[in-house]
Colleague: 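Got a structure for you, written out below as structure tokens; questions coming shortly.
Proteins get letters first, then strands, A, B, ... in listed order; numbering begins at 1 in each. All figures in this text were calculated on a predicted structure; none of them were measured in a lab. All values below come from the heavy atoms of this structure, side chains included, with hydrogens, waters and symmetry mates left out.
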Number of protein chains: 4
Amino acid sequence: MDAYRSSHTRGDSSDEGPIDPIRRQLIAARRNQILRAAVTVFAEKGFHRATTKDIAQTAGIAEGTIYNYFDSKGDLLIGLMMRLSRVESLDVELTDALDRDPREFLVAVACHRMALIEQNHDVLRAILPEMLVKPDLRERFYQQFARPMALVLERYVQARTASGEMAPVDVPLAVRAVQGMFLGLLVLRILGDEVLQARWDDVPKVVGALVFDGLSPQEGE
Amino acid sequence: MDAYRSSHTRGDSSDEGPIDPIRRQLIAARRNQILRAAVTVFAEKGFHRATTKDIAQTAGIAEGTIYNYFDSKGDLLIGLMMRLSRVESLDVELTDALDRDPREFLVAVACHRMALIEQNHDVLRAILPEMLVKPDLRERFYQQFARPMALVLERYVQARTASGEMAPVDVPLAVRAVQGMFLGLLVLRILGDEVLQARWDDVPKVVGALVFDGLSPQEGE
Amino acid sequence: MDAYRSSHTRGDSSDEGPIDPIRRQLIAARRNQILRAAVTVFAEKGFHRATTKDIAQTAGIAEGTIYNYFDSKGDLLIGLMMRLSRVESLDVELTDALDRDPREFLVAVACHRMALIEQNHDVLRAILPEMLVKPDLRERFYQQFARPMALVLERYVQARTASGEMAPVDVPLAVRAVQGMFLGLLVLRILGDEVLQARWDDVPKVVGALVFDGLSPQEGE
Amino acid sequence: MDAYRSSHTRGDSSDEGPIDPIRRQLIAARRNQILRAAVTVFAEKGFHRATTKDIAQTAGIAEGTIYNYFDSKGDLLIGLMMRLSRVESLDVELTDALDRDPREFLVAVACHRMALIEQNHDVLRAILPEMLVKPDLRERFYQQFARPMALVLERYVQARTASGEMAPVDVPLAVRAVQGMFLGLLVLRILGDEVLQARWDDVPKVVGALVFDGLSPQEGE
DNA sequence: CATGAATGAGCATTCATTCAT
DNA sequence: AATGAATGAATGCTCATTCAT
């Protein structure tokens, strides 16, 4: 049924009260099962070389079942992005960092991003290539991830720049550069950079130092 | 037939001597014609949605002709990467910068990368998504572009760090971060970031400042 | 389970006697509910484009329930034909007309057919296309509708021809022609003829006049 | 290439002069080959149960080749209708009959229709069921066949009615009835009526007599 | 008896590749 | 060396049917 696909709570006439939530759980579970399989297959073969049969087999279900929960193969990508954005809403952690001093803030942000990338590496690896090619995914990603993050950073930097706690830089471009750094590190890692693979956890500290202090020789050091 | 693809001088039955170079030129011209068309179509539709018919039409030739110059559709990507690496060998410009002082060096590098990206935007856009998915392309790209650049940067930073002209950072990771920044800026631009699209030429200066001075408030400023 | 479909009184283990007729009524009601839905959907989308899900939704029941009352989707068509033949048995009205004079008889027959078509337009529209394609349906329809009607007409015309009340025509072919006229008018209407749609009720009179008097100019007129 | 599908004569720059008409012939031949196969398979199994693989095998070509000449399976039906309408344009024969006296005209028309049906029985059998179900085909058929024929008949009857050579009937409905008769006879034949199958050639005479003289007993007879 | 999720055979369509001309 | 028609394997998606609850 199409009921699967919508998450609407039906306020209709039916007398079955507590059944709905259970069903909803089952539906959510199946969707996750399918998405998990999709991530695995996409990450391994890429979106196009992955077949729905692959995904079904990986998920341990029949091919048709996928279409009980998603409208199309492409919708799996969207489903993955939505799951990602749910995780992403942990931005709360970020907001906490807003009060810290700039260097700590940068490290916190870097930590947060690196961890996020680490945890969702396969998903990102599955999504990113298609995103670069499909305008709708691109838009969705940009609105859902890139822009919000950009806004947070811009506001922060703007404020600290004004108060003299940060150097007076071209805020929009500097923010893009920092964002790009995160994105680029992800890409480099996907490309197989062994250093990054081995020392991913050390990245935030280095990035923090680099972005805050720069490469210029410091007086005190 | 397959003689086209190899650049070996054929020592075969034909007695004609000076024809070879001309033929080679013709072959190179056709290959370029095809690759140009491929870039256009790939950039617009992505590798998979692009059909060989699309490419042939764009190139103004017959579909079969493509296969006289390339073994497969996938080989077009490799051809594109090889053309790119020929351009990339302009690294000479980079070597010139090696003697400059760190800040100028960084700006020079950034300028160089940004210009390279700018000029080859369509090619990169065509190649990148597939690279993230196909191990062989990945490897090729990494060996051909990422690693050499990393090495240059590493050597430079290592040297300047030792001489005290640069802060003592974790060289490998810092270099990855900087490289990632370039790569990430490319990706952000592909994703449609309007600020980057509008002000791409301003990027090197900002990146140079950011990477060299950092965001910390400077004394003199 | 399959007991539904047969009307046999089950001599099975249950001891309840008078439940059977009630159950039979319930079964008949459900079957009708389903068939009504089937007519609606078939008429709108045609047999093949109609899905069992469509039918179930229209009937307000679950998809599986259909299969408690019918063996297959195709059986719905047969069910529809059987319901139609029950209606058709109103031929009694026709038999009444047998005594009338030829012209009145023809008008009566035409009225009867037109009314029947009018009432069962959707059903016919649902059945006819499949009938033209499936031999078994074809046979069933022919035996159940076409042939009986042909026989009635043939007998009547034969008799009147013999008694001189009708012109001496090639009875079998003439009867087919008249039958064909009814069938063809139905088809034309299904094809969307607006004149027929608007003036369906006027058809019998015209058909009666046409078939009895022909298009030749009459003396008295 | 899509060039197959359009019949446009290209007035373009290419220097190949006499190649085009040859190619056009080849294309037409292939299209006919495919349509012939389609008729066979559709007539046997009906449109939906017929697979493109069936058609390809019957035509002795590969499945993909069909799609070099037709956009979709459904387009085969349209192709069939267009071929039919080309045959239909033999209406010239009909126009000749316009001058004859009414009875002869009717017989001529009937002859013409019956012959047309006879010759294109399989095609009609293939097309008709789908037509009853698909609005676009319906429309196309109505505009291309039913309406023109209706107009011819209406004009003729109108004129003869006015001049007193025909009885004053309800022209539009009478014409529909006659048209319906032809259509209905086709349907009855498809439904397997043996009398019609055996004596199809006798139909025009009987129809002519029936429609012109009617079933009323004639004076002179 | 009703339900509706799961199933998987079946099919139209695409497209990289080949090869006769 | 170019052509482009033919190919047919490959694949996403549909939907009638089943069956455990």
Side-chain angles (χ1 to χ4, degrees), chain A residues 1-4 16 19 23 26-27 30 48-56 60-76, chain B residues 1 3-4 23 26-27 30 48-57 60-76, chain C residues 1 3-4 23 26-27 30 48-57 60-76, chain D residues 1-4 16 19 23 26-27 30 48-56 60-76:
Chain A
M1 286 246 175
D2 298 271
Y4 304 142
E16 0 118 4
I19 295 180
R23 178 167 299 174
L26 289 175
I27 290 171
R30 265 268 188 282
H48 282 100
R49 302 185 62 88
T51 67
T52 51
K53 177 172 287 192
D54 284 336
I55 298 169
I61 58 173
E63 216 175 332
T65 303
I66 294 174
Y67 291 87
N68 286 338
Y69 296 90
F70 296 91
D71 279 334
S72 70
K73 188 185 168 191
D75 266 22
L76 292 173
Chain B
M1 316 190 172
Y4 307 137
R23 182 170 293 180
L26 289 176
I27 291 171
R30 264 273 192 281
H48 282 99
R49 299 181 60 91
T51 67
T52 50
K53 174 177 291 189
D54 285 335
I55 297 169
Q57 276 174 350
I61 59 173
E63 224 176 327
T65 304
I66 295 174
Y67 289 85
N68 286 337
Y69 296 91
F70 296 91
D71 279 335
S72 72
K73 187 186 169 191
D75 269 20
L76 292 173
Chain C
M1 313 193 173
Y4 305 139
R23 181 170 293 180
L26 288 176
I27 291 172
R30 264 271 191 282
H48 281 99
R49 299 182 61 91
T51 68
T52 49
K53 176 178 289 188
D54 286 335
I55 297 169
Q57 276 175 350
I61 59 173
E63 223 176 327
T65 304
I66 294 175
Y67 288 85
N68 286 337
Y69 296 91
F70 296 91
D71 279 335
S72 72
K73 187 187 170 191
D75 269 20
L76 292 174
Chain D
M1 285 248 175
D2 297 273
Y4 304 142
E16 0 118 5
I19 295 181
R23 179 168 298 174
L26 289 176
I27 291 170
R30 265 267 188 281
H48 282 99
R49 302 184 64 89
T51 67
T52 51
K53 177 173 285 192
D54 284 336
I55 297 169
I61 59 174
E63 219 175 330
T65 303
I66 295 174
Y67 290 87
N68 285 340
Y69 296 90
F70 296 91
D71 280 334
S72 71
K73 187 185 169 190
D75 266 22
L76 292 174

Colleague: Under 4.0 Å: is that the gap between some side-chain N or O of B:Y67 and OP1 or OP2 of E:dC19?
Modeller: no
Colleague: Roughly how far apart are D:T52 OG1 and D:I55 CD1, rounded to 0.5 Å?
Modeller: 6.5 Å
Colleague: Just the rounded figure in Å: distance from C1' of F:dT18 to CZ of C:F70.
Modeller: 18 Å
Colleague: Using OP1 and OP2 only, check whether a side-chain N or O of C:N68 sits under 4.0 Å from E:dA2.
Modeller: yes
Colleague: Give the rounded distance in Å between these two atoms: NZ of B:K73 and P of F:dA9.
Modeller: 20 Å
Colleague: What nucleic acid atoms does A:A56 come within less than 4.0 Å of, heavy atoms only: base, sugar-phosphate, or nothing?
Modeller: nothing
Colleague: Whole-Å distance between E:dA9 P and D:R49 CZ?
Modeller: 17 Å
Colleague: What distance do A:K73 atom NZ and A:I66 atom CD1 have between them, rounded to the nearest 0.5 Å?
Modeller: 10.0 Å
Colleague: Relative to the 5' end of DNA chain F, which residue comes earlier, A:G64 or D:G64, by the nucleotide with the nearest heavy atom?
Modeller: D:G64
Colleague: What distance do A:I61 atom CD1 and A:Y69 atom OH have between them, rounded to the nearest 0.5 Å?
Modeller: 8.0 Å
Colleague: According to a strict under-4.0 Å criterion, is D:T65 in side-chain N/O contact with OP1 or OP2 of F:dT7?
Modeller: yes
Colleague: Which nucleotide sits closest to the side chain of D:R23: E:dA16, F:dT17, F:dA5?
Modeller: F:dA5
Colleague: For D:H48 and E:dG10, what is the distance between atoms NE2 and P respectively, to the nearest whole Å?
Modeller: 18 Å
Colleague: Has D:T52 got a side-chain N or O lying under 4.0 Å from the OP1 or OP2 atom of E:dC11?
Modeller: no
Colleague: Using the side-chain heavy atoms of C:E63, tell me which of these nucleotides is nearest: F:dT7, E:dA2, E:dG4.
Modeller: E:dG4
Colleague: Please state how far atom CD1 in C:I55 lies from atom P in E:dG4, giving the value in whole angstrom units.
Modeller: 17 Å
Colleague: Select base, sugar-phosphate, or nothing to describe what A:I61 touches, counting heavy atoms under 4.0 Å on all strands.
Modeller: sugar-phosphate
Colleague: Looking only at heavy atoms, what is the nearest atom pair of B:K53 and B:E63, with distance?
Modeller: N-OE2, 3.7 Å
Colleague: Starting at the 5' end of DNA chain F, which residue's closest nucleotide do you reach first, D:G60 or B:G60?
Modeller: B:G60
Colleague: Under 3.5 Å for both donor-acceptor distances, Watson-Crick or wobble: does F:dC13 have a partner, and if so which one?
Modeller: E:dG10
Colleague: May I have the distance from D:D54 (atom CG) to E:dG10 (atom C1'), rounded to whole angstrom?
Modeller: 12 Å
Colleague: Within this structure, what is the CG-to-C1' distance between C:L76 and F:dT17, rounded to whole angstrom?
Modeller: 13 Å
Colleague: Which heavy-atom pair separates A:F70 from A:D75 by the least distance, and what is that distance?
Modeller: CD2-O, 4.0 Å
Colleague: Please tell me which of the listed nucleotides, E:dT13, F:dC15, F:dG12, lies nearest to the side chain of C:T51?
Modeller: F:dC15
Colleague: Less than 4.5 Å apart, side chain to side chain, heavy atoms only: is that true for C:T65 and C:R30?
Modeller: yes
Colleague: A:I66 CD1 to F:dC15 C1': how many Å, rounded?
Modeller: 16 Å
Colleague: For F:dG8, which nucleotide in any strand shown is its Watson-Crick or wobble partner with both distances under 3.5 Å?
Modeller: E:dC15
Colleague: Hey, does the side chain of C:R30 come within less than 4.0 Å of E:dC1's phosphate (OP1/OP2), counting only N and O?
Modeller: no
